[in-house]
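Take a look at the structure below.
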Amino acid sequence: MLHNKIINRLVAFAGAEKYVYSMMLMDANDGVMTAGNREGVSQSLQDQLKPLAVEGGGSNVWYTQGSKNSLLAVRQIKSYTGSTFTLDHLGTLVIRIRVERIVADSTNMASGEGQLIVVDTASNRSIYPAEPLLTPRELAVEVSRPNLTGQAVMFKHVFHCQDGVLL
């Protein structure tokens with residue numbers, strides 16, 4: 001009964017949110033409940049995400065899968081009853097984000113010359129596109145700008161040409 005209620009909630013969220021590709025809840029007893037696109041999450045990836053969520057202590061943690069252009073929001077789920085927050089570990093919630101939709105909706109930002117780039121600031125790795133026109137060193141410089149804050153940032157890099165040479 002509770003299992004079905006949780007799946008129904010996951011389906012409701014995954015179906016209603018424009019930028020959510022899928023949702024997965026891994027409970028403390030190693031049960032897995034999924035909703036949305038059923039792209040599988042390997043056992044080895046699940047084993048990486050669980051401690052990452054615990055490290056976050058209930059806060060959202062971003063996880064990138066560079067080769068898949070995939071962005072995962074990972075969070076530990078803790079218990080509470082009424083007004084009592086026991087904060088016992090209940091499981092891990094994983095939300096796969098539709099980066100391509102975010103980028104498509106941001107086409108005004110990317111129109112004209114340049115490239116829209118989404119970067120994980122912790123690793124300076126490009127989340128989208130998989131192979132940006134900037135080198136890893138150039139990405140690090142862009143991400144270190146004081147006006148860009150957060151775990152994942154989106155910016156437009158405009159390339160300048162002078163005498164036919166890309167600067």
Side-chain angles (χ1 to χ4, degrees), residues 2-80 85-106 115-145 148-155:
L2 180 60
H3 181 80
N4 289 340
K5 274 183 145 177
I6 293 171
I7 289 177
N8 288 341
R9 292 293 300 251
L10 291 175
V11 168
F13 284 123
E17 295 298 326
K18 181 178 183 178
Y19 300 122
V20 172
Y21 192 65
S22 64
M23 297 178 76
M24 177 174 68
L25 180 66
M26 299 175 282
D27 68 29
N29 299 319
D30 293 326
V32 176
M33 296 162 262
T34 60
N37 185 294
R38 304 267 178 177
E39 182 179 324
V41 174
S42 69
Q43 186 61 51
S44 65
L45 181 55
Q46 289 180 37
D47 293 342
Q48 283 180 293
L49 297 176
K50 289 175 187 177
L52 185 65
V54 170
E55 236 176 77
S59 295
N60 187 64
V61 178
W62 294 105
Y63 181 86
T64 59
Q65 291 180 284
S67 63
K68 290 188 170 188
N69 268 347
S70 188
L71 179 63
L72 304 176
V74 182
R75 181 178 197 155
Q76 181 185 33
I77 305 299
K78 297 182 176 187
S79 68
Y80 75 93
F85 287 86
T86 58
L87 302 180
D88 294 329
H89 173 75
L90 295 178
T92 303
L93 178 65
V94 179
I95 303 171
R96 186 178 304 273
I97 307 298
R98 291 182 181 264
V99 176
E100 70 284 352
R101 279 203 181 160
I102 294 170
V103 171
D105 285 354
S106 301
Q115 181 181 49
L116 184 68
I117 303 172
V118 180
V119 178
D120 172 24
T121 56
S123 66
N124 289 335
R125 283 187 17 217
S126 175
I127 298 167
Y128 185 90
E131 296 180 21
L133 297 175
L134 297 179
T135 66
R137 184 176 175 179
E138 292 168 328
L139 278 177
V141 168
E142 291 289 337
V143 170
S144 67
R145 288 194 215 171
L148 296 177
T149 59
Q151 281 187 303
V153 296
M154 184 183 321
F155 63 89

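Hydrogens, waters and symmetry mates are skipped; everything else that's a heavy atom, side chains included, is used. The first residue of the sequence shown is numbered 1, and numbering continues consecutively from there.
Rounding to the nearest 0.5 Å places CD1 of Ile95 at 4.0 Å from CE of Met23. With rounding to the nearest 0.5 Å, the separation of CD1 in Ile77 from CG in Leu93 is 4.5 Å.
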>> What verdict does the side-chain contact (heavy atoms from CB on, under 4.5 Å) test give for Gln76 and His89, after you've listed the backbone C-alpha separation in whole Å, the side-chain angles of each residue and the deciding distance to 0.1 Å?
In response: CA-CA 7 Å; Gln76 181 185 33; His89 173 75; 2.9 Å; yes
>> Show, in sequence, the C-alpha distance, side-chain angles and deciding distance for Trp62 and Ile97, and conclude whether the side-chain contact (heavy atoms from CB on, under 4.5 Å) test is met.
In response: CA-CA 10 Å; Trp62 294 105; Ile97 307 298; 3.8 Å; yes
> After noting the C-alpha distance and the side-chain angles of Val32 and Gln43, does the key distance pass the side-chain contact (heavy atoms from CB on, under 4.5 Å) rule?
Replying inline: CA-CA 11 Å; Val32 176; Gln43 186 61 51; over 6 Å; no
>> Would Leu45 and Leu72 count as a side-chain contact (heavy atoms from CB on, under 4.5 Å) here? Give the steps.
In response: CA-CA 11 Å; Leu45 181 55; Leu72 304 176; 4.3 Å; yes
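Checking Val74, Val54, Leu25, Asp27 one by one against Thr92, the side chain to side chain contact (heavy atoms under 4.5 Å, CB included) holds for a single residue, Val74.
Remark: side-chain polar atoms of Arg98 are paired, donor with acceptor, to backbone N or O of Val20 under 3.5 angstrom.
Within the 4.5 Å cutoff, the side chain of Gln46 has no heavy atoms near those of the Asp30 side chain.
Taking both residues in full, the closest heavy atoms of Val61 and Leu52 are given as CG1-CG, 3.6 Å, listed atom of the first, atom of the second, then distance. Closest non-hydrogen pair, Asn60 versus Ala73, comes out as OD1-CB, 3.3 Å.
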